[in-house]
Amino acid sequence: MPEGHVVHVDARRFGQRLRGHTVRASSPQGRFAAGAAALDGRRLTAAEAYGKHLFLRFGGRSGPPLLHVHLGLIGGWNWYDGSGELLAGRRFRGPDDSAVRLRLRAGRGAAVVTAELRGAMLCELIDMEHAAMIHTRLGPDPIRGNADSRRGWERLHRSSAALGTLLLRQDVVAGAGLIWRCEAPFAAHIDPRRPGRAVTEIEWQAIWAALQTMMRAAVRRGGAERTTRSEHRASWGDELYLFRRGGEPCRVCGTPIESQQMGGRLVWWCPSCQPY
DNA sequence: GCGGAATGTAGAT
DNA sequence: TCTACCTTCCGCT
């Protein structure tokens, strides 16, 4: 469910609210009991997102230094203040502990902050070597300042797969999801069905620039954990032109927006604004 | 109130 | 290729 920008927002929250603090860790659900025990009493020293992967680094005694979390389709973090008030994360409101894979808490009294993880596909302790392997596997992340877009280009321009399929591949663009695989080709005026190898380098640069602009703006907005059918128009404003707008007139030229299955999921495009 | 889909992908088969 | 994750949202009764 969450795309890369959501993971970056959570990484920032960890950096701002828990970094430098010794955390109490627990796994009410039990599935991460051993991992939580290994984290309990250690200090969070760094929080970083790479694509849709979150890495939290812990100091202190020996043991794997990194917590690696991938939210998958339905996972998410909820944040609470000392009084139990929800600070961020609109989902998982229930007080039920039975699904809380990991709870991290730090601070005293009114300054207590709690982060709760539910529904994650992956929650594990790993060493630096393992993290380096994951980084190597991933393509450039448009949200990160040091991303090398040419690495994505190398993988894209040799492929006969459709652009819309390639943009979902995390070894081409780390962090892109269904929203951006539609919106970036629209911004770059390219039909998402066009094969990767028929995309020129200039066009790739336009796609990359659009990904950077839109995904970074989404991080700045923060909070937008998920956009629903009824509210995504309001919460994303004018920034989504195509996503879930099949059949509606294109907001640039008025041509009805088309859609089709691509890789088992829908992709939308404007047949007039996005030449094949 | 109920059932299926969804902004995803690692790991099992 | 299938399943896990086990959530929220949405459309249907």
Side-chain angles (χ1 to χ4, degrees), chain A residues 1-10 27-32 35 49-55 67-79 86 88-102 115-126 130-131 133-139 141-143 164-186 192 211 214-215 217-219 221-236 239-246 259 261-268:
Chain A
M1 181 178 310
E3 302 206 17
H5 61 282
V6 173
V7 182
H8 278 266
V9 168
D10 275 316
S27 176
Q29 176 208 44
R31 259 190 63 176
F32 193 60
Y50 202 124
K52 296 168 184 171
H53 299 253
L54 175 70
F55 300 93
L67 175 69
H68 172 221
V69 173
H70 192 297
L71 296 175
L73 183 60
I74 60 176
W77 289 96
N78 255 7
W79 292 84
L86 188 70
R90 296 179 301 106
R91 308 186 303 114
F92 314 127
R93 282 172 214 231
D96 184 8
D97 266 11
S98 66
V100 177
R101 181 92 59 89
L102 174 63
E116 287 184 354
L117 174 68
R118 298 178 202 228
M121 184 186 69
L122 200 61
C123 175
E124 60 183 359
L125 291 176
I126 63 173
H130 187 154
M133 260 175 46
I134 295 168
H135 287 194
T136 302
R137 200 176 64 222
L138 294 171
D141 178 345
I143 297 174
T165 298
L166 291 164
L167 289 179
L168 282 186
R169 269 178 39 183
Q170 298 299 295
D171 63 338
V172 176
V173 180
L178 213 50
I179 294 174
W180 312 123
R181 83 143 164 188
C182 299
E183 300 294 331
F186 179 79
L211 288 168
M214 296 188 296
M215 294 175 72
V219 171
R221 270 195 302 277
E225 309 290 329
R226 174 193 174 116
T227 53
T228 67
R229 241 170 239 281
S230 55
E231 74 192 355
H232 79 259
R233 290 153 205 266
S235 55
W236 295 83
E239 295 181 42
L240 292 190
Y241 278 77
L242 301 175
F243 186 65
R244 289 179 170 171
R245 290 183 189 275
S259 67
Q261 293 279 325
M262 181 181 284
R265 338 246 327 251
L266 280 173
V267 65
W268 294 264

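Proteins come first, then strands; the chains are lettered A, B, ... in the order of their sequence lines, and each starts at number 1. All of these numbers come straight from a predicted model, not from anything done at the bench.
In this structure, A:Gln170 does not reach the B:dA10 phosphate: none of its side-chain N or O atoms is under 4.0 Å from OP1 or OP2. Within the 4.0 Å cut-off from OP1 or OP2 of C:dC6, at least one side-chain nitrogen or oxygen of A:Arg31 is found. In this model, the phosphate group of C:dT8 is not approached by any side-chain N or O of A:Arg118 to a distance below 4.0 Å at OP1 or OP2.
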Inset, instruction - Show your working on side chain to side chain contact (heavy atoms under 4.5 Å, CB included) between A:Arg245 and A:Trp268 and close with a plain yes or no. - result: CA-CA 7 Å; A:Arg245 290 183 189 275; A:Trp268 294 264; 5.5 Å; no
Inset, instruction - Tell me, with the steps shown, if A:Ile134 and A:Tyr50 meet side chain to side chain contact (heavy atoms under 4.5 Å, CB included). - result: CA-CA 9 Å; A:Ile134 295 168; A:Tyr50 202 124; over 6 Å; no
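Here the CD atom belonging to A:Glu3 is positioned 10.0 Å from the CZ atom belonging to A:Arg181, to the nearest 0.5 angstrom. One finds the CG atom of A:Asn78 at 9.5 Å from the CG atom of A:Asp10 (value rounded to the nearest 0.5 Å).
Between A:Glu124 atom CD and B:dG11 atom P there is a gap of 6 Å when expressed in whole angstrom units. With rounding to whole Å, A:Ile74 atom CD1 is found 17 Å from C:dC10 atom P. Summarising the geometry, the separation between CE on A:Met121 and C1' on C:dC2 is reported as 15 Å, rounded to the nearest angstrom. Across the protein-nucleic acid pair, A:Leu117 atom CG and C:dT7 atom C1' stand 12 Å apart, rounded to whole Å. Per the geometry, CG belonging to A:Asp171 stands 15 Å off P belonging to B:dG8, to the nearest Å. Atom P of nucleotide B:dA5 and atom CZ of A:Arg265 are separated by 13 Å, given to the nearest angstrom. Distance CG (A:Leu178) to P (B:dT9): 11 Å, rounded to an integer number of Å. The separation between A:Glu116 atom CD and C:dC6 atom P is 14 Å, rounded to whole Å.
To the nearest whole angstrom, the two P atoms, one in B:dG1 and one in C:dC6, are 25 Å apart. With both ends at atom P, the span from B:dC2 to C:dC5 equals 23 Å, rounded to whole Å. Distance check on atom P: B:dA5 versus C:dT13 gives 15 Å, rounded to whole Å.
You'll find that the side chain of A:Leu122 is closest to B:dG11, out of C:dC6, B:dG11, B:dT9.
Within 4.0 Å (heavy atoms only), A:Arg137 reaches sugar-phosphate atoms of the nucleic acid but no base atom.
Taking the six-membered ring where tryptophan is involved, the planes of A:His53 and A:His68 are essentially parallel, since the angle between them stays under 30° and well short of 60°.
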